[in-house]
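Naming convention: chains lettered A, B, ... in sequence-line order (proteins, then strands); numbering from 1 in each chain.
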Amino acid sequence: MARQGHLQIDRVSKQFRVSGAPLHVLDAVDLSVAPGEFLTIVGASGCGKSTLLRLIAGLDTAFQGNVILDGQRVTAPSLDRGLVFQEPRLFPWLTVAQNVALGLLNAGLGKAARDRAVSEHIVLVGLDGFQDAYPHQLSGGMAQRAAIARGLVNRPGVLLLDEPLGALDALTRARLQDELQRIWAAEGITMLLVTHDVEEAVYLGDRVVVMAPRPGRIAAVFDVPHPRPRDRSSPALAGLRDQVLAALEATTSGPPPTGMVHIASRPALAEQVFLPAE
Amino acid sequence: MIRRRTLLTGLGTALATTRIARAEDPVTIRFGFANVGVDNRQFSGGNAIATAHAEHYIDNELKDLPGVKVEFAFFKGAGPAVNEAFANGQLDFASQGDLPQVIARANGLRTRQLAAGGAHAPMYLAVPPDSDIRGIRDLKGRKVAIFRGTNNHLSAVKVLAANGLSERDFQGINMDEASANAALVTHNIDAAFGNYGVLLLADQGLAKIAYTTKGDNPAFERQATLIAADSFVAKHPDLTQRVVTAVVKASYWSSQEENREAMFDIWARSGRPASVYRADFAGQALRYRNSPLIDDYLIEQYRVQGLQAKEYGLLRREVSVDGWFDPTFLNVALKQLGLEHYWTRYGADGKPQGGS
Amino acid sequence: MRAAAIPAPAWPAMPPGVIAVLFPLGLLALWSVSARFGWFPPQILPSPTEVGTALLDLARNGDLARNSGISLLRVVEGFTAGSFLGLLLGIAMGLSPKTEDYVKPLFTAFAQVPTLGWIPFLMLLVGIGEPLKILVIAKAAFVPVTLNTLAGIRAVPSIYVEVGALFRFSRWQLLRKVVLPAAIPPIFTGLRYGLTHAWNALVAVELLASAEGLGYLLVWGRQMFWLDTMMGAMVIIGIVGFTFDRIMAVIESRLQRWRLA
Amino acid sequence: MKRALRGTVLPILLLAAWESASHAHLVDPRILPPLELVAHTAVYQVTDEGLLRNLAASLLRDMAGFTLGTLAGIAIGTILGLSRIADRLFMPSFNGLRQIAILAWVPLISIWFGVGEAAKIVFIMAAALIPVVLNTYEGMRGASTQLVEVARTLTFTRWQLVTRLYLPSALPSIATGVHLALIYAWVANVGSEYFMTIGPGIGGLIIAGRERFQMDLVMLGILILGLVGFLINRGASAIEARLLRWRPV
C-alpha cells in the first residue's frame, strides 16, 4: 500500500439541528496535514474536534466543504484511515487476536499474511501473550492497546485517534503516549490525535491545533519544533504548554459565540499563530 | 400425481419427510376408520368393514396387484377427525357415520358413499349403576357426555327431541368415548350417550343402560357407510371396484348367522370383548345390520338426517343428498358375486321392498 | 442503547400505525382472493367473510358473550387464587431463607411439570367440573408469581435494608417501608407472566374438558367442521390475550416510572 | 448439607402421607395408587411396553420442531430487528398473533396439516418460534451503536455487519430465546400428543392413563415430563454458558 497520508481539510462546515435551531458544530475549518506528521488537536468540549475526526474517518458525510486524502475526496470510511475511539470498542465475544483481525476482514490478504500482520501488531502494541484473552479480561490500558493495534493493522496512511487515552490512569497514559510515539516513528504514518489534555498534545504533536467552540473552528496552531525523544519535564515544552493552555482558555472565557470572537482571539496570540498552511 | 394434496399438506408432509407423492405407481390406498380399539389398538368392530379389515378382505382382493398397498388408520377423534383427513387429502376411503358425512357434504368435502357399512346401528344412554336416571326425560339438568359431531350425536339429538328435550336442557359435555367412559366411572358425569362402547362398562357392572334406540323408532338409528374421495374414484375406478367388492364379500360373510360368534371374536381384537358386540347385536338379524345395500331407506335416512341436522343447529346450510350415493360399484360387485337378492331392500318408509 | 438499523431506504412518509396495518390488510386481501378463486378448499380455509359472519352470528345469538364471560370468570377466579397464593409463598420464602430451604425443592419439582401435564392428574383427582379449571389456571399463575416475588424480594438492594437497619426498623416496618415497595415492580412482572400463563392454561383445560368457554368453542367448531367459527374463536382468544397483556403492560410501565422517580 | 436436608422434609412427609393413605384405603387407591405400584408400572412400562421408545418418539419430534422453529425464529427475528421496514410492517402483526394462546392453534393446524407427525411438528415449531423471534429481535435492536461505528470504519459489508456484529451481540438474548423455546417446545409436544392424533409419546401415555383410569400411569407420565423438562433446562443452561463464555461474569 502506498503510504502517503497527505490530508487536506478544505472549508469544512457542519450544522446540527438542535430543537429546530441550527447549531454550527464546525465552521469553515481549513487544515492541511503533511504526510507522516503527528498532529494533535485540543479544544474544550463541544468545539467539534471529535466531529472533525469523524468527518475525516468518513463516518459522517453530511457536511459542506471537502476532506481530501492524497488527492481523493473522502466520501465513506476506508481502510486508508484508521480510527481509534476513546473507548476501546472491542467486540466482547472476540479474543484480542480476533479483534485485531477484524481490521483485515476486507483487506484482501491471504490467511497467512493476515495472521502474520495480526501477531506483528499485537507485538507492536505490547500485547504479546494476550492474543487469546477476551476483552473483559483486559485492563483499560491493555484494551486500548488492542484497539490501537486494530486501527493500525491495515497499515493505514492516516491514523485518527479520538482521545484514546482519556479514560486511562496517569501512569498507563504516560506509558501509552510513549508507545504511540514509538509506533508513529516506526510506521511513519500520519497521526491525528484529538485530546483534551494540553500536555499530551504538546508532548506528542509536531503541531498543536487549538479549536474553539460555538461555532467549532480553529483558533490557533502551534508548532512544536522540539526534537524527539522529548523530555516531558523540559522547560521548553512546559513553556509551550502554558501558551497552548492560555490560547485554549481564551476560547472559552471570552464572550459567548458571535462572529466577533473568531477574529478577536487571534491577534492576541499573533506571534504564535501559524495560519493553516496553504 | 397419485393423490390430491393441498399445498399445505404437501408442505407439512415434506417437513415430516414422510411419504412424498410420486408420479406413477405404486399406489397406496389409505383407508380410515372413525373408530379405534381399546388402548389405541389398531382394530375396529361393529360392522362389516371392520371384518373386511381384520380378515384382510381388502388386501386379498388386491393380492394380484403387487404395486398396490393398503394402509389403515384409526381415528380416536372419530368422524370429525376423518373429515379433517379427507379435507387434507390424506384419506381415500373411510368407514364413517351419518352426521360426520352430512357435515362433510354440507362443507363441500368431495366424497361419495359407495356402500352401507354399519347401518341400522343402535345408540345407548349409559348411567352409573346407582343412578336414578331411568330414561331420556330424567336427563334434565344433568351432566351428560355427548361426542359431538359423530353419528351418536345426531341420534341423541333426535331421541331428545322425541322426548321434548334439547341439548340446552342439560349440561352437555363433549367427550370422546374413552373420556366419557372414564368420567362415567368416576361419577364426573351423570350419563353418556354412546354406541356399543358403553356396553363394555355395563358388561363390567360399572354402568347400566338407561335407554337404547333398539326397539324404539328406527329413525333414531345410527347409519354408517363406506365413503371414498371423489378424486380417488375418478382416478382409480378399478381399485375402487376391488375395495367395494371386498367389502361386499365381508358383508356377505358377516351376514350369515352361522358366523355370528366367529364375527364377534374377530371384532374382539379391538379390545372390546365379544360379549359387548353380542349384546349390541342381540335380537337383530345379521342380514339386517350388515347389509351393504344403498336402498331407498338409507338414502331417505341421510336426507332426513341432513334436514334434521340443520333444524337442530348442527348445520349452517341446507344440504341435498343428490350425488352423495354412488351405487355403481356396489351393483357390479353384487352382480359379480351373485348376491343381488341376498339382502332385503327397504323402502323410504322403512318397509321391506320387493326384489330389485 | 438503540442501534441505528442498517441504513434503510427511506420509507414513504407514513405514520407507523398505517404501516402496521398494511401487512394484515395485504394478508386479508390475499386470503379473500384465495377464497374467491378457490386456491384452498373452504374446508381448509374459509373465506374472511365467512369468518366475519360466523363471529357476527356468535355475537348476535349470545354465544360469544356467554362463552367469553365464562372463560373470563374462570381466569379471574383462577388467577386471583393462584397469584394470591404465589404472593404469600414468594414473600414467605423471600423473607425467610429457612422457609425457602424447606419449601423450594418441592416447589421446584412441582413447577417443573408443565401445567398441561397436571391436567389429566387433576381430572382423575377432582373430576372435570369447575374446580378442575380453577385449579389448573391457579397453578399456571401460581408458579411465575411465586418465583418473581421471591426473586424481587431477594433483589432488594442491601443498601436499602441497611438504611432500614440503621434506623432500627422493626421487621414489619422493614417489610412495609423498604422491601415490598422496592420489590413491587418485579412482583408485578410475575403477575403479568402469571396472567399470560393463566390464559394459556384456560384454553388448554377448555380444550380438554369443558362444555362452554372460548376453548370449547374451538373444539365445537372443529368437530362440526365450522372452520369459520373456529377461526372466529381464535380471533377472540387473541383479542382477550392482547387486552390482558396491554392492561398489564400499562400498569407495569406506570410502576416502573414510579420506581425511577 | 443442612439446607439440602431441610428440602427433603416436605417431600418425604408428602410421600409418607400418600403411602399410608393409600394403604389404609382412606382414599380410593385408584386415585392415590401406592407408590410401589407406580414404581412397578414404571418398570413394566420400560421392559414390556416400550416406554423408552415412546420417550424417544417424543424427544425426536420435540427436537425436530424445536430445531425448525429456532432456525426460522432467528432468521425472522434478525430481519425484523435489522430492517426498519420489516419491523414496521410485520412486528405489530406478529405481536398481535402471538397473543393467541398457543394451544388455540391446535385445531387449525390439525386441519391444515392433517393427521400424522407433520401437524405436530408444525405446532411445536410455532411454539418454539415465538420466543426466539422476540429475543432475537430485542438482541438485534440492542446492538451497540459504538461497535457499529467501529464496523463502519473497518468497512464491513452488510453481510459482515450481520454475521460479525449483530448476530454475536444478540447472542445472549438469542440464547435466552432458545432456552425458552426448548421449554415451550416440550410443552407444545405434550399438547400435540394430547390434542392431535394418537401416536407414540409421553403425552399419549398420560392421556391413556387417564382414559384407562390408571393413576399410576398418569403419575409415571408426569414424572417423566418433569424429569425431561429438568434435563432440557439443565442442558440448555450448560450450552448457554459455553456459548457465552466471553461474557464477564
Partner chain D: residue of E206(C), M123(C), Q112(C) with the largest heavy-atom pair count (under 4.5 Å): Q112(C)
Which bit of L208(C) is near chain D, if near means a heavy-atom gap under 4.5 Å: side chain, backbone, both or neither? both
If we define contacts as heavy-atom pairs under 4.5 Å, which of I222(D), L225(D), V228(D), N95(D) has the most with chain C? I222(D)
Does any backbone or side-chain atom of V219(C) lie under 4.5 Å from a heavy atom of chain D? Answer side chain, backbone, both or neither. neither
I'd like to know if the side chain of S58(D) and the backbone of I202(D) have a donor-acceptor N/O pair within less than 3.5 Å. yes
Interchain contact, M219(D) with chain C, by part (heavy-atom threshold 4.5 Å): side chain
Can you tell me if S192(D) uses its side chain to pair, donor with acceptor, with the backbone of N189(D) under 3.5 Å? yes
Parallel, tilted or perpendicular: which fits the ring planes of W118(C) and F110(C), with parallel below 30° and perpendicular above 60°? tilted
So, does D228(C) use its side chain to make a donor-acceptor pair with the main chain of V51(C) at under 3.5 Å? no
Closest-packed option against chain D by number of heavy-atom pairs under 4.5 Å, given L227(C), V240(C), L214(C), V235(C): L227(C)
Side chain to side chain contact (heavy atoms under 4.5 Å, CB included) between L45(C) and S34(C): does it pass, once the steps are laid out? CA-CA 9 Å; L45(C) 190 66; S34(C) 133; 4.1 Å; yes
If you count heavy-atom pairs within less than 4.5 Å of chain C, which of L103(D), L97(D), I206(D), V9(D) leads? L103(D)
Heavy-atom proximity to chain D below 4.5 Å, by part of M234(C): both
Looking at G191(D), A104(D), P11(D), which has the largest count of heavy-atom pairs under 4.5 Å with chain C? A104(D)
Between G229(D), P92(D), S93(D), which has the largest tally of heavy atom pairs under 4.5 Å with chain C? S93(D)
Please assess Y166(D) against F156(D) for the test ring pair (Phe, Tyr, Trp, His ring centres under 6.0 Å), listing each intermediate value before the final yes or no. CA-CA 12 Å; Y166(D) 282 109; F156(D) 277 21; over 10 Å; no
Option that, when pairs with chain D are counted at under 4.5 Å, heavy atom only, ranks first among P105(C), G221(C), G215(C): P105(C)
Taking every non-hydrogen pair under 4.5 Å, which of F195(D), F230(D), F90(D) racks up the most with chain C? F195(D)
Donor-acceptor pair, distance only, cut-off 3.5 Å: does the side chain of W186(D) make one with the backbone of L59(D)? no
Is chain C contacted by the side chain of N233(D), its backbone, both, or neither, given a heavy-atom distance below 4.5 Å? side chain
Most heavy-atom pairs under 4.5 angstrom with chain D, which of I237(C), V113(C), L116(C), N200(C)? L116(C)
At a 4.5 Å cut-off on heavy atoms, which part of Y194(D) comes close to chain C: side chain, backbone, both, or neither? side chain
Quick check on V187(D) against chain C: is it the side chain, the backbone, both or neither that has a heavy atom closer than 4.5 Å? both
F244(C) vs T196(C), side chain to side chain contact (heavy atoms under 4.5 Å, CB included): CA-CA, chis, key distance, verdict: CA-CA 8 Å; F244(C) 276 161; T196(C) 310; over 6 Å; no
Rounded distance (nearest 0.5 Å) linking atom CZ of R210(D) with atom CD1 of I119(C): 10.0 Å
Plane angle bin for H197(C) and Y193(C) - parallel if under 30°, tilted between 30 and 60°, otherwise perpendicular: tilted
Near R164(D) CZ, under 6.0 Å, is it more than 12 heavy atoms from other residues, nucleotides or ligands? no
Cut-off 4.5 Å, heavy atoms of chain C, and the answer for L14(D) is side chain
Leading residue by heavy atom contact count with chain D [cutoff under 4.5 Å; candidates L106(C), I239(C), V21(C)]: L106(C)
